[in-house]
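Every value quoted in this text rests on a predicted model; they were computed, and no experiment measured them.
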Amino acid sequence: MKSFARAQLYAAVVIAFASGLVFASGFDLTKISWAQTKTVPAPKPTAAEVKPLEETGQAFEAIADHVTPAVVAIEAEQLESRDRTPQRRNVPPGMEDFFRQFEMPDPTPRGGTGSGFIVSPDGYIMTNNHVVANADRVTVKLLDNRQFPAKVIGRDPTTDVAVIKVDAKNLPTVSLGDDSKARVGQWVVAIGNPLGLDFTVTAGIISQKGRSLGGLLNTRYAIQDYIQTDAAINPGNSGGPLVNIRGEVIGINSAIASNTGYNAGYGFAVPISLAKQVMDDIIKYGTVRRAVLGVSIDEVEPTDAKAAGLTEIRGVKIQGFDPPDDSPARRAGLEIGDIIITAAGQRINRVSELQRVIRTFKPGDIVDVEAMRFGEKKAFRVRLGEPPKSPDEQVASTERNRITAPASAGERSYDRLGITVQPVTDEVAEARRLNTEYRHGLLVTAVNVRGPAYRELAANQDIILRTLHPVRKDIQTVADLESVVRALKAGDVLSLVVARQAGGGQQITRVVTLAIN
């Protein structure tokens with residue numbers, strides 16, 4: 001009986017619990033669900049909340065649309081001399097020097113890439129000096145895939161600025177801004193061709209201004225007044241524009257600070273105000289009319305400031321004079337160890353600021369300078385000079401300054417073909433073991449990389465035997481080729497039969513057709 005009563009009690013409890021669940025669910029007092037908790041989605045941001053981000057994105061879109069068409073990809077080629085010394089067997093004693101004169105370097109093209117931007121509708125382009133320095137051939141490519149050969153108008157190693165030009169009209173251009181109004185923390189956009197990725201757009205902020213990068217430009221009178229940015233800059237960006245939020249170019253992207261050679265968040269641009277001065281001088285005068293104090297300078301250290309009697313650690317310390325005996329600053333009375341604290345009435349805190357002030361003047365201008373000399377303030381009036389030039393460092397090298405070496409006896413240069421030739425002498429024929437049928441004609445001794453014959457003819461390898469078009473004529477003398485070329489006009493084509501020595505002492509002939517310049 002007790003067991004039966006206990007069973008009835010248990011049954012009554014279960015029925016009561018089940019009835020309670022039914023009752024509670026009827027009034028929606030409880031819900032049956034899975035063990036895990038449901039994730040409640042976050043509320044969608046309102047239009048007002050995302051509007052600032054949308055506007056910022058639209059601003060970057062507008063900058064890219066406005067500036068990118070005026071950005072160019074630059075390919076610069078130069079010749080690298082690679083010695084090819086053929087094996088000489090059975091050379092008679094004492095004749096080594098004679099045969100060595102025929103061993104010429106083999107010019108092989110070496111290329112580099114960079115960026116630039118168009119500043120005038122008729123094709124002037126700004127870029128970096130290091131992008132086109134020593135280039136024998138420069139080609140630019142536009143966003144619309146058009147390509148143009150470019151001429152280097154001038155270069156300035158001291159600022160790393162260069163100007164090139166293409167022969168075109170109605171090109172898209174950039175707007176130049178005022179870098180003096182740029183502030184640390186402002187948005188900027190870098191556009192260029194990094195790592196072979198054409199017309200890439202990156203964004204960041206101005207990280208610092210007036211940044212000096214000692215040793216980057218290994219030249220005297222190097223001006224270092226860089227804009228630092230964290231916008232991604234990589235190899236190939238050099239020469240491209242750094243653009244402010246209004247779509248104005250405020251700098252030329254030039255360098256990065258990185259242990260790997262790739263972007264590490266530190267990029268540097270030449271201020272556009274400096275670059276424009278260089279460009280204007282190059283276009284107008286063919287050189288940069290730079291004024292100098294004639295001093296070597298450095299930043300002021302705490303000990304320098306203390307010795308000079310300065311209450312602040314600022315100014316520019318004079319380390320020496322250049323030239324030593326006839327420096328403008330030395331003539332004015334400045335001395336080694338003086339600390340320049342003002343120039344042209346402007347406070348000077350660092351080297352880049354002094355350079356920024358002086359670069360606004362021209363040679364011959366007079367500038368008022370104040371300096372501290374070990375506790376005593378002194379005033380000077382300095383008549384600015386021009387930087388001295390050395391053979392290995394020109395302030396601005398231009399095409400018009402290029403020197404052509406005098407031709408050897410019997411040589412003749414043809415600018416319209418881009419070659420220099422000389423008759424095949426008996427000595428050359430013997431040295432090259434030429435067959436009888438090739439012991440005449442003109443040996444190509446030089447090929448201009450800007451001429452039609454570039455990559456078609458090889459210096460000290462090819463011998464011009466005859467012309468086929470527009471006239472058939474055996475070529476045995478310089479006068480023979482001259483008579484043919486003289487009758488041609490720009491755009492005509494000239495077909496040549498050319499012989500070249502092949503392996504095993506054999507000579508082969510081929511036809512080369514060149515377009516006349």
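- Contact annotation: the side chain of Tyr266 never approaches that of Asp230 to less than 4.5 Å [non-hydrogen atoms, C-beta and beyond].
- Side-chain atoms of Ser327 never come within 3.5 Å of backbone atoms of Pro323 as a donor-acceptor pair (strictly under, hydrogens ignored).
- No side-chain donor-acceptor contact under 3.5 Å links Lys378 to the backbone of Glu370.
- When each of Thr127, Thr159, Asn128 is tested with Ser254 by the rule side-chain hydrogen bond (donor to acceptor under 3.5 Å, both in side chains), just one qualifies, namely Asn128.
- Between Ile227 and Phe268 the shortest side-chain heavy-atom distance does not fall below 4.5 Å.
- Side chain of Asp160 to main chain of His130: a donor-acceptor pair is present (N/O by atom type, distance under 3.5 Å, no hydrogens or angles).
- Arg416 forms no cation-pi arrangement with Tyr414, by the criterion of a distance under 6.0 Å to the ring centre and an angle within 45° of the ring axis.
- Arg356 CZ to Asp225 CG: the interatomic distance, rounded to the nearest 0.5 Å, is 4.0 Å.
- One distance of note links CD of Gln355 with OG1 of Thr360; it measures 12.5 Å at 0.5 Å rounding.
- Between Lys317 and Asp304 there is a salt bridge, since at least one side-chain N of the basic residue sits less than 4.0 Å from a carboxylate O of the acidic one.
- Applying the 6.0 Å contact sphere to NZ of Lys276 captures no more than 12 heavy atoms from other residues, nucleotides or ligands.
- The pair Asp156-Arg290 meets the salt-bridge criterion, since a charged nitrogen lies less than 4.0 angstrom from a carboxylate oxygen.
- Note that the CD1 atom of Ile118 and the NZ atom of Lys165 stand 11.0 Å from one another [nearest 0.5 Å].
- In terms of heavy atoms, Val67 sits closest to Pro241 at CG1-CG, 4.2 Å.
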* Show the numbers, then the answer: is there a side chain to side chain contact (heavy atoms under 4.5 Å, CB included) between Asn244 and Trp187? => CA-CA 6 Å; Asn244 64 19; Trp187 282 106; over 6 Å; no

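- Across all non-hydrogen atoms, the minimal contact from Val300 to Ala305 is CG1-N, 3.7 Å.
- Across Ala291 and Leu384, no two heavy atoms sit closer than the pair CB-CD1, 3.7 Å.
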* Report the C-alpha distance between Ser296 and Asp322 in whole Å, list the side-chain angles of each, state the deciding distance to 0.1 Å, and finish with yes or no for side chain to side chain contact (heavy atoms under 4.5 Å, CB included). => CA-CA 7 Å; Ser296 58; Asp322 190 12; 6.0 Å; no

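- One finds no salt bridge joining Glu299 and Arg314 here, because no Lys/Arg side-chain nitrogen approaches an Asp/Glu carboxylate oxygen to under 4.0 Å.
- Within the 4.5 Å cutoff, no side-chain heavy atoms of Ile191 are placed close to those of Asn253.
- Ion pairing of Arg455 with Glu77 is present here, as a side-chain N (NZ or NE/NH1/NH2) and a carboxylate O approach within less than 4.0 Å.
- For Arg347 (side chain) and Thr342 (main-chain N/O), no donor-acceptor pair under 3.5 Å exists by modelled atom type.
- Remark: Lys169 does not engage Asp122 in a salt bridge, criterion side-chain N to carboxylate O under 4.0 Å.
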* Asked: Would Arg359 and Gln277 count as a side chain to side chain contact (heavy atoms under 4.5 Å, CB included) if you check the C-alpha gap in whole Å, the side-chain angles of each, and the deciding distance to 0.1 Å?
  -> CA-CA 9 Å; Arg359 78 187 186 212; Gln277 289 178 354; 3.7 Å; yes

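- Put simply, the side chain of Ser115 never gets that close to the backbone of Gly240: no donor and acceptor are under 3.5 Å apart.
- Side-chain contact between Val357 and Ile348: present, with at least one pair of heavy atoms (C-beta onward) separated by less than 4.5 Å.
- The CD atom of Gln228 sits 11.5 Å away from the CG atom of Leu242 when rounded to the nearest 0.5 Å.
- When every heavy atom of Ser120 is checked against every heavy atom of Thr173, the shortest pair comes out as C-CG2, 3.4 Å.
- Salt bridge annotation for Glu335-Arg373: present, with a cationic side-chain nitrogen under 4.0 angstrom from a carboxylate oxygen.
- Arg383 and Asp365 are not joined by a salt bridge, as no carboxylate oxygen comes within less than 4.0 angstrom of a charged side-chain nitrogen.
- Judged by distance alone, the side chain of Thr420 and the main-chain N or O of Ser413 form no donor-acceptor pair under 3.5 Å.
- A donor-acceptor contact shorter than 3.5 Å is absent between the side chain of Gln186 and the backbone of Ala182.
- Phe117 has its side chain out of reach of Val72: every pair of non-hydrogen atoms, C-beta onward, lies at least 4.5 Å apart.
- Listed for the Asn129 side chain is no donor-acceptor partner under 3.5 Å among the backbone atoms of Arg155.
- For the pair Ile250/Ile206, a side-chain contact is recorded, criterion being any heavy-atom separation below 4.5 Å from C-beta on.
- In terms of heavy atoms, Thr200 sits closest to Pro194 at CB-CD, 3.6 Å.
- The distance from atom CZ of Phe148 to atom CG of Asp167, rounded to the nearest 0.5 Å, is 8.5 Å.
- Between Arg350 and Asp298 there is no salt bridge, since no side-chain nitrogen of the basic residue lies less than 4.0 Å from a carboxylate oxygen of the acidic one.
- Taking the side chain as every heavy atom from C-beta outward, Glu456 and Val447 never approach each other to under 4.5 Å.
- Note: Ile272 CD1 to Leu176 CG = 5.0 Å, rounded to the nearest 0.5 Å.
- Nearest heavy atoms, Asn193 versus Phe199: OD1-N, 2.8 Å.
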* Asked: Please walk me through it: do Asp179 and Ser273 pass side chain to side chain donor-acceptor pair (under 3.5 Å)?
  -> CA-CA 7 Å; Asp179 58 86; Ser273 57; 2.7 Å; yes

* Asked: Given Ile297 and Leu354, is the side chain to side chain contact (heavy atoms under 4.5 Å, CB included) satisfied, shown in steps?
  -> CA-CA 10 Å; Ile297 53 180; Leu354 178 61; 4.1 Å; yes

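- Residues Lys362 and Asp281 meet the side-chain proximity criterion, which asks for heavy atoms closer than 4.5 Å.
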